[in-house]
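Quick note: numbers below take in every heavy atom, side chains included, and nothing from hydrogens, waters or symmetry partners.
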Amino acid sequence: MGIGTRHIICSLLASFINAQVVQWDIARRERLGLELDTRQTRSIEEVIINDKLNGGYFATCNIGTPAQDVTLQLDTGSSDIWVPASSSGICTKSSSSSGCVLGSYSAEGSSSFEDAGKGDFSITYVDGSRANGDYFTDVFEIGDTAIPDMTMGLGLEANIPYGIVGVGYALNEATKSFIYPNLPIQMQHEGLISTIAYSLWLNDLDAGTGSILFGGIDTEKYKGDLTRINIYADPRTGAFTSFRVALTSVQAISDSGTDALSSKEFPVSVVLDSGTTLSYLPTDLVSQMWREVGAVYSNDVRAAVIPCSRAASTGYFSFGFAGPGGPVINLAMDELVLPLTLGENQPLFDFGPYRGQEACRFGVQSSSAGPYLLGDTFLRSAYVVYDLYNNEIGMAATDFNATDSNVVPFEDSGARIPSATVAPHQDSIRGTGSPNPPTYSASNGFQDDHENSVSAPAACRWFSVALAMVGTITWIIAQGVIDSTSDLHTMDML
Ligand SMILES: *[C@@H]1O[C@H](CO)[C@@H](O)[C@H](O)[C@H]1NC(C)=O
C-alpha cells in the first residue's frame, strides 16, 4: 500500500544480532525534505492536505563499498528497498529545497555496485510519492549485518527525498516481470533468521523510537497474550500481497458509557501499514467515531480535526479482530490527537463551538472505498508480529516504554509465532447485517475538558480552522528540516 500520510523514518541500527534474530531500532521523525519551491509553498493547506507534516519510522543503513550512509523509512505496506540516486534532481536541487538530507547513493562511488540487469524500477505509493530508475545489487548493511547482494531500486527520478525499506510480501514488489528475494527473504537465505517473520514495536507517540525484530518476538514488549489471526489473500488474485486482516468490532468506551459502533462493511478488511501515518476506515464507522469524540470535518484542512485538549480525554476505542476471542487493541485519545503543524502553536478554530481552541488532526480519517488502512495511529498501540511464511499476524496490546527484553526466536523455517494462541472463532466471521447506529452514551465522557455540555457537533458540518500564518508555518517546517538532521540518534543496544 505504501507510504500514506505519516511517514516513518527508521533509524535502522542493529542493536543485536545472533544466529536467529536481528533487531534494529527505529526512530520516529517528522517527514523531511518538503519540496519548498514556489509552487508548493503557496499555501499551508497544500502542505497539510499532502500530509507532509507527518512523521514516520526511519533507520540508518549503509550501502556499497565503501559504505554510504542512508536513512530509510520502514514500510510494511511495500516490498522494495530503494534509495535516491545522488545525481537525481531531488537530491541536487539547491536553493529552497533541502536536498536529500537523509542521504543518497552514488553508483559510481561503490566498487560493489552491479546493475541487476533486470530492467526498470518504478514504484508509486498510495499518497502519490513515487520513484523511478533501475534495479541494482550491492552490499546492504545494518550495524554488523551485511547482506552482500541485495537487490534494490535506484531512484534516478523521485518526488520524495529519501528512500524506503519495504518489508512486505515479495509478490507486492514493484517489479512487473520478475520476483526477487526482498529483505526478509534474503535475510533468511543468508541464515540471519530462521523464518520469514518479524515483529514491530512502534512505542508511544511521545517516545519516538521503537524497534523491528527479524526472526523473533520480544515477550517484554506487549501485555497479555499474543493472538494469531489469518492474513487474507487478495480477493481478486488469491495471492498474498498485503497484511490484510479482519476488523470485526469497534467500541467507544468512556466513563459515561460504552457503545458498540456499527458499519455495513463489518468485517472490515483492513491493511496493517506502518508506512501510513493515520488510519482510514469506512465512512459510516468513522462518522460514529468522530461523533463520539467530537471531531469535526474541516474543509480547510480536508480532514477531521478536534480540539488538541481532547488528547487528555480518558475515553478510548477498542478494536477487535477476527471475531469473538480475537485480539483486542485499545486506542487511547493521546495516540489519536495529532498536531497539524510542527510549530508550538496549532491553528485555531475560528468559528463554531470550538472557536478559539487549538485544532489538532484526528488520527482516524474516513475513506469512501478501500483499501482501508490501519497506519501508525493504530499500530503504535499494538505489538504486531508479521509471519509471512504462514500468512498469520500475531497481535497483542503494546507495552509502552517497556525497557526489558526477552527475545524468543522462531524455532525453524515455517514455525508458528512463538507463545501465541490462535483466534478461536476466526473461521466463522460473518457480517453484522444492517448496521444500527449507537446511542452515543460514551460521547460525554470523551469531553474531559467539559467546555460545554452541548452534545458534540454533527460530524458532517464543515469547520473552519484559521490558517493565516502561511509564511511563518512554512518557515518553521524549513527550519525543522535543517535542525532535525543533526538529531538522528544512534540507539543503544537493548
Ligand atoms: C513514554 O515515554 C514518553 C517520553 O519519555 C512519555 O512522554 C510518555 O508519556 C510515556 N508513555 C507512557 C504510556 O508511559
Is there a side-chain contact between [X] and [Y] (heavy atoms, below 4.5 Å)?
| X | Y | answer |
| --- | --- | --- |
| T398 | N203 | no |
| F240 | L171 | no |
| L102 | P161 | no |
| L200 | I26 | yes |
| Y372 | P282 | yes |
| D376 | L202 | yes |
| V384 | F243 | no |
| V270 | F321 | yes |

Locate the shortest heavy-atom distance separating [X] from [Y]; write the atom from each residue and the value.
| X | Y | answer |
| --- | --- | --- |
| G103 | V70 | C-CG1, 3.8 Å |
| P84 | S88 | CB-OG, 4.4 Å |
| T276 | L278 | CG2-O, 3.3 Å |
| G315 | M333 | O-CG, 3.3 Å |
| M150 | L183 | CE-N, 3.4 Å |
| E411 | Q20 | O-NE2, 4.1 Å |

I'd like to know if the side chain of [X] and the backbone of [Y] have a donor-acceptor N/O pair within less than 3.5 Å.
| X | Y | answer |
| --- | --- | --- |
| D75 | G275 | yes |
| S110 | T65 | yes |
| S112 | D138 | no |
| T76 | S274 | yes |
| T195 | G414 | yes |
| T248 | G323 | yes |
| R361 | V337 | no |
| N62 | E141 | no |
| Q346 | L340 | yes |

**Item:** Result of checking W201, F400, Y383 against Y222 for ring-ring contact (aromatic ring centres under 6.0 Å, His included)
**Value:**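 Considering W201, F400, Y383, a ring-ring contact (aromatic ring centres under 6.0 Å, His included) with Y222 is found only for Y383.
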**Message:** Checking ring-ring contact (aromatic ring centres under 6.0 Å, His included) between Y105 and each of F140, F136, Y162, which is the one that passes?
**Reply:**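 When ring-ring contact (aromatic ring centres under 6.0 Å, His included) is applied between Y105 and each of F140, F136, Y162, only F136 qualifies.
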Between [X] and [Y], is any side-chain donor less than 3.5 angstrom from a side-chain acceptor?
| X | Y | value |
| --- | --- | --- |
| N330 | S318 | yes |
| S194 | S413 | no |
| Y198 | D387 | no |
| S104 | S86 | yes |
| W24 | S211 | no |
| D80 | Y135 | yes |
| Y280 | D273 | no |
| S279 | T377 | yes |
| N406 | E220 | no |

**Asked** Mind checking whether F378 and F317 have ring centres under 6.0 Å apart?
**Response**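 Judged by ring-centre distance (under 6.0 Å), F378 and F317 do not meet the cut-off.
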**Message:** Can you confirm if the aromatic rings of Y316 and F446 lie within a centre distance of less than 6.0 Å?
**Reply:**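 No, too far apart.
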**Message:** Is it the case that atom OH in Y389 sees more than 12 heavy atoms from other parts of the structure closer than 6.0 Å?
**Reply:**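 Count not over threshold, so no.
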**Asked** Ion pair present between R130 and E157, side-chain N to carboxylate O less than 4.0 angstrom?
**Response**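 Result for this pair is yes, salt bridge flagged.
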**Message:** Could you measure the distance from the CZ atom of R228 to the CG atom of N230? Nearest 0.5 Å is fine.
**Reply:**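 Reported to 0.5 Å precision, the distance equals 9.0 Å.
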**Atom pair OH/CD1 of Y169 and I185 - distance to nearest 0.5 Å** =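 With rounding to 0.5 Å, OH (Y169) is 10.5 Å from CD1 (I185).
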**Asked** F178 vs Y180 aromatic rings, parallel, tilted or perpendicular, using cut-offs 30° and 60°?
**Response**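 The arrangement is tilted - the two ring planes meet at 30° to 60°.
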**Message:** With side chain to side chain contact (heavy atoms under 4.5 Å, CB included) as the test, pick out the partner of I212 among V165, V22, L74.
**Reply:**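 Of the listed options, the one satisfying the test is L74.
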